[in-house]
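To start, the structure itself, in C-alpha cells.
So you know, we letter chains A, B, ... as the sequences are listed, proteins then strands, and number each from 1. The structure presented is a predicted model; accordingly, all values stated were derived computationally and were not measured.
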2 protein chains.
Amino acid sequence: MNIRKIAELAGVSVSTVSRVLNRHPHVSESARSRVLQIIEETDYSPNLNAVQLKVGRTRVIGIVTPTLNHYYLQLIKGAANRGKGYGYQVLIHQTEEQPEQEMQALELLRRKKVDALMILRRATPWADIAGYLKYGPIVTCEPMQNGHVPAVFLDHYEGFRLGLEHLIRRGRCKIACVVGRGGSRNSKRRLDAYREVLENRGLPAREEWIFRDVYTAADGRRAADRLLALPERPDAVMTANDLVAAGLLAEIRERGLRAPEDLAVVGFESDESGIADIVGLTNVTNPLDAVGRKMFDTLYARLKESGHEAGKPSGGKSKTPAADSVKAVDGGSAETDEKSGASPALHFELRVRSST
Amino acid sequence: MNIRKIAELAGVSVSTVSRVLNRHPHVSESARSRVLQIIEETDYSPNLNAVQLKVGRTRVIGIVTPTLNHYYLQLIKGAANRGKGYGYQVLIHQTEEQPEQEMQALELLRRKKVDALMILRRATPWADIAGYLKYGPIVTCEPMQNGHVPAVFLDHYEGFRLGLEHLIRRGRCKIACVVGRGGSRNSKRRLDAYREVLENRGLPAREEWIFRDVYTAADGRRAADRLLALPERPDAVMTANDLVAAGLLAEIRERGLRAPEDLAVVGFESDESGIADIVGLTNVTNPLDAVGRKMFDTLYARLKESGHEAGKPSGGKSKTPAADSVKAVDGGSAETDEKSGASPALHFELRVRSST
DNA sequence: GCTTGACCTGGAATGCATTCCAGGGGTTAG
DNA sequence: CTAACCCCTGGAATGCATTCCAGGTCAAGC
C-alpha cells in the first residue's frame with residue numbers, strides 16, 4: 001500500500017493525496033474526505049524512509065555515549081525529553097571509547113541517518129570530529145580543546161566551591177578532597193577550587209589531603225582508610241561524586257565514627273541518583289539533565305537556522321528553553337571562529353542539598 | 001554527491017558503482033579501483049535513507065520504555081549490546097505510559113522507521129499491539145495475558161524462592177515480605193512464593209507480615225517503621241527490590257538495631273545497581289541485561305526467518321546466543337497459536353549474592 | 001466584457017540507491 | 001565449429017513520497 005495506490009483508489013493524483021497527508025491548503029473538501037476515507041479503509045501510513053529521503057531530514061538525533069550507565073543516562077534523558085517536545089527521537093550509539101565506533105557514529109550523520117549528533121564523550125581528536133560539522137550540527141558536553149565544536153557543560157569549579165563553602169559555614173576547617181581522573185579538565189577545575197577557596201578563607205589545603213583516582217564506592221572505602229590513618233585527620237571531605245561519597249560514609253560508619261559529626265562528607269551528583277537519600281548524604285546537585293536539555297537546544301537552534309526545521313514546537317507542555325542553569329558555548333564554525341584556544345568558563349547554578 | 005555522480009566521474013554505470021559499494025562479484029579490477037578512487041576523492045558515502053527505502057530494512061530496533069530509569073536501562077543496555085553485535089542500533093521511545101505515545105511507537109514499526117519493536121512496558125491492550133505484528137516482530141518483557149505477543153521475562157517466584165531459602169538456611173524463621181504493585185503478576189508470583197515456600201518448610205507466613213505497595217527507599221523506611229512496631233517482630237524481610245531493601249536497612253540501623261543480626265534483609269535486583277555493595281545488602285540478582293539480550297535474540301530470530309536479515313553476525317567477539325539464564329516464550333502468530341490463555345512458567349537461573 | 005487572482009488539481013521531476021534483465025565478449029567443452 | 005557458460009557492464013524499473021510548475025475553473029473588480 002503506497003501513495004500511488006491511494007491516489008488511484010480515491011480517483012485523484014498523488015499530489016492531492018500528499019497534500020491531504022501534509023495538511024496543505026488548496027484541497028477541496030470532497031477530495032480531502034475521499035482520500036481520508038480510502039486511507040482509513042486501506043489502513044495506509046506513509047513510508048517514513050521515503051519521506052526522509054525526500055525531505056532530507058529524519059527527526060532523529062544520534063547520541064554517542066561510551067556506555068550506558070547512570071551518569072550518561074541523565075544526560076540522555078534530559079536530551080530525549082526535551083527532544084520529544086520537538087518531535088525528535090534519539091538513537092543510541094555506544095562506542096566503548098573506541099575510535100572506530102565513534103567514526104561509525106559520525107558516519108550516521110553524514111549518511112543522513114540522524115539529523116544531528118550529541119557526543120557525550122569522545123576518544124577521537126577534535127579535529128576529526130570538526131570535519132563532520134559540515135554534515136550537520138554536533139554538540140558535546142566536554143570542554144573542548146579548540147572552539148570548533150559547540151559544547152555545553154558545567155564548570156566543576158563552581159560545584160566544588162559551593163560544597164566547600166557549605167562545609168566552611170558549618171565550621172569545618174580541615175577539609176580533604178577526593179577526585180577522579182587526575183588529568184581531566186574537570187578534576188583540574190575541582191582542585192583549583194579546592195586550593196583557591198580554602199586559601200581565600202585562610203584554611204589549609206594540604207597536598208596529603210588530596211586523594212586522586214577515586215571512582216567507585218570501593219575506591220571510596222579505600223580512600224576513607226587512608227584518610228582516617230593520617231596523623232592529622234581532616235574533619236570533612238569534599239568528593240567528586242555520590243558513589244564515592246557513599247563508600248566513604250559506609251567505611252567511616254563501620255569504623256564506629258559518626259558522620260557528619262566526626263567527619264562530614266559532601267557529594268557531587270545529579271539529583272536522581274537516589275543514593276544520597278539512602279545513605280543520608282549532603283551533596284551538590286549537578287543538573288545533568290539540564291545539561292542534556294541544553295545540548296538538545298543547541299542542536300535544535302542549529303537545525304533551525306540551517307532551515308532544517310520548520311520551527312514549530314509541538315505539544316502543549318514543552319517548557320520554553322529560556323532560563324536554564326547551564327549555558328552553552330557556541331563553538332562557531334571551523335572557519336569563522338579561530339580565536340579561542342581553550343573554552344571559556346561557564347556560568348550556571350547549582351545548589352547544596354542536605355539530606356537530614 | 002550521489003551514486004549517479006560517482007558513476008559519471010568514474011565513467012561507469014550506477015550499477016557498477018552499486019556493485020562496488022556492496023562488494024558484489026563480477027566487477028573488473030580496473031572498474032573497481034576507478035570507482036573506489038572517485039569515492040575517495042569525492043568523499044562520498046551512500047545515503048542511508050535511500051538504501052533503507054530500497055531494501056526495506058533499517059537495522060534499527062525501537063525500544064518502547066515508559067521512562068529512562070535504572071531498571072529499564074538494564075534491559076536497554078542488554079538489548080543494545082547484543083544488537084550491536086549484529087549491526088543493529090536502538091531508537092529509544094519514551095511513552096510515560098501514555099497509550100497515544102505507545103501508538104506512535106507502534107506506528108514507527110508500520111512506517112518502517114524501525115525493523116522491530118521491544119516493548120518494556122505497555123498501557124495499550126495486548127490486542128491492539130498484536131495488530132501490529134503483521135508489520136514486524138514485537139517482543140515484550142511482561143507476562144502477557146494471551147499468547148499472541150512473544151515475551152521474555154523471568155519468573156519472580158524463583159527469585160523469591162531463592163531469597164527465602166537463603167534466609168531459612170541462615171536459621172531465620174519469622175520472615176516478612178515486602179512487594180510493590182499489588183495487582184501485578186510479578187507481585188502475585190512473589191506472594192505465591194512467599195506463602196508456598198514458607199508453608200513447605202513449616203514456617204508461618206502471616207498476612208500482617210506482608211507489606212504491599214512499597215516502591216521507593218522512603219517507602220522502605222516506612223515499612224520498617226511498621227514492621228518494627230509489630231507485636232511479634234519478624235527476624236528477616238524478603239523485598240522486591242534493592243532500593244526498598246536499602247531503605248529498610250537504613251531505618252533499622254538508625255534505630256540502633258543491627259542488620260543482619262537483628263533483622264536480615266534480602267533484596268532482589270539486577271547486578272549493576274551498586275546499592276547493594278554500598279549498604280552491605282544481600283540480594284538475589286536479577287539478570288535484567290540477560291533478559292534484554294534474550295529479547296533482542298527473539299526479535300532477531302524473527303527477522304531472520306522472515307528473510308529480513310542476511311543472518312551474518314558481524315565482529316569477532318559476539319557471544320553465541322546459546323545458553324542463557326532466561327528463556328523466551330514464543331507467542332506464535334496470532335493465527336497459529338490460540339491455545340495459551342496465560343503465559344507458562346519460565347525457567348531461569350538466578351543466584352544469591354551476599355555482600356560481606 | 002475582460003483582466004486578475006484565488007483556488008484546486010494533475011503531471012513530472014526529484015531525492016538516491018538496488019536489482020533484475022539483457023547483452024557483449026571471451027573461453028571452454030563437446 | 002558451435003553450443004554453453006562465465007564474467008562484466010549498462011539500462012531501466014523500482015522502492016515511495018514531496019514539490020515545483022503549469023493549467024484549468026470560477027468569481028470579483030474595472
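- In this structure a side-chain-to-backbone donor-acceptor pair under 3.5 Å is missing from B:Arg293 to B:Gly78.
- Nearest to the side-chain atoms of B:Arg19 among the listed nucleotides D:dA12, D:dA17, D:dG10 stands D:dG10.
- When heavy atoms are screened at a 4.0 angstrom cut-off, B:Val12 is found touching the sugar-phosphate backbone but no base atom.
- No hydrogens or angles considered: nothing links the side chains of B:Gln104 and B:Glu100 as a donor-acceptor pair under 3.5 Å.
- Of the candidate nucleotides D:dG10, D:dA17, C:dG10, C:dG10 has the atom lying nearest to any side-chain atom of A:Thr16.
- Of all nucleotides listed (D:dA12, D:dG15, D:dA17), D:dA17 comes nearest to the side chain of A:Pro46.
- Taking only side-chain atoms of A:Val55, from C-beta outward, the nucleotide of D:dT19, D:dA12, C:dT14 with the closest atom is D:dT19.
- Rounded to whole angstrom, the span from the NE2 atom of A:His26 across to the P atom of D:dC20 amounts to 13 Å.
- Rounded to whole Å, atom P of D:dA12 lies 16 Å from atom NZ of B:Lys54.
- Remark: P of D:dT18 and CG of A:Leu53 are 11 Å apart, rounded to the nearest angstrom.
- In this structure, the CG atom of A:Asn49 is 14 Å from the C1' atom of C:dT18, given to the nearest Å.
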Show the atom names and distances, to 0.1 Å, of all donor-acceptor pairs under 3.5 Å that link a side chain in residues 47-54 of chain A to residues at least two apart or in another chain.
unit_1	atom_1	unit_2	atom_2	d
A:Asn47	OD1	A:Asn49	N	2.7
A:Asn47	OD1	A:Ala50	N	3.2
A:Gln52	OE1	B:Lys113	NZ	3.1

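- For A:Asn2, whose side chain is taken as the heavy atoms from C-beta onward, the closest listed nucleotide among D:dA17, C:dT9, D:dT9 is D:dA17.
- In this structure, the NE2 atom of B:His24 is 14 Å from the C1' atom of D:dT9, given to the nearest Å.
- The separation between A:Lys113 atom NZ and C:dA17 atom P is 15 Å, rounded to whole Å.
- Rounded to an integer number of Å, the gap from B:Ile6 CD1 to C:dT18 P is 13 Å.
- In this structure, B:Ser28 contributes its side chain and B:Ala31 its backbone to a donor-acceptor pair below 3.5 Å.
- Within the 4.0 Å cut-off from OP1 or OP2 of D:dT19, not a single side-chain nitrogen or oxygen of A:Ser15 is found.
- Between the CD1 atom of B:Ile3 and the C1' atom of D:dG10 there is a distance of 13 Å, rounded to whole Å.
- For D:dA17, the OP1/OP2 oxygens have no side-chain nitrogen or oxygen of A:Asn22 closer than 4.0 Å.
- Note on A:Ser18: every side-chain N or O is 4.0 Å or more away from OP1 and OP2 of D:dT19.
- Remark: B:Ser13 is not in phosphate contact with D:dG11, judged by side-chain N or O atoms under 4.0 Å from OP1 or OP2.
- Contact check for A:Tyr132 versus A:Glu107: side-chain heavy atoms found under the 4.5 Å cut-off.
- Residue B:Tyr44 places none of its side-chain N or O atoms closer than 4.0 Å to OP1 or OP2 of C:dC16.
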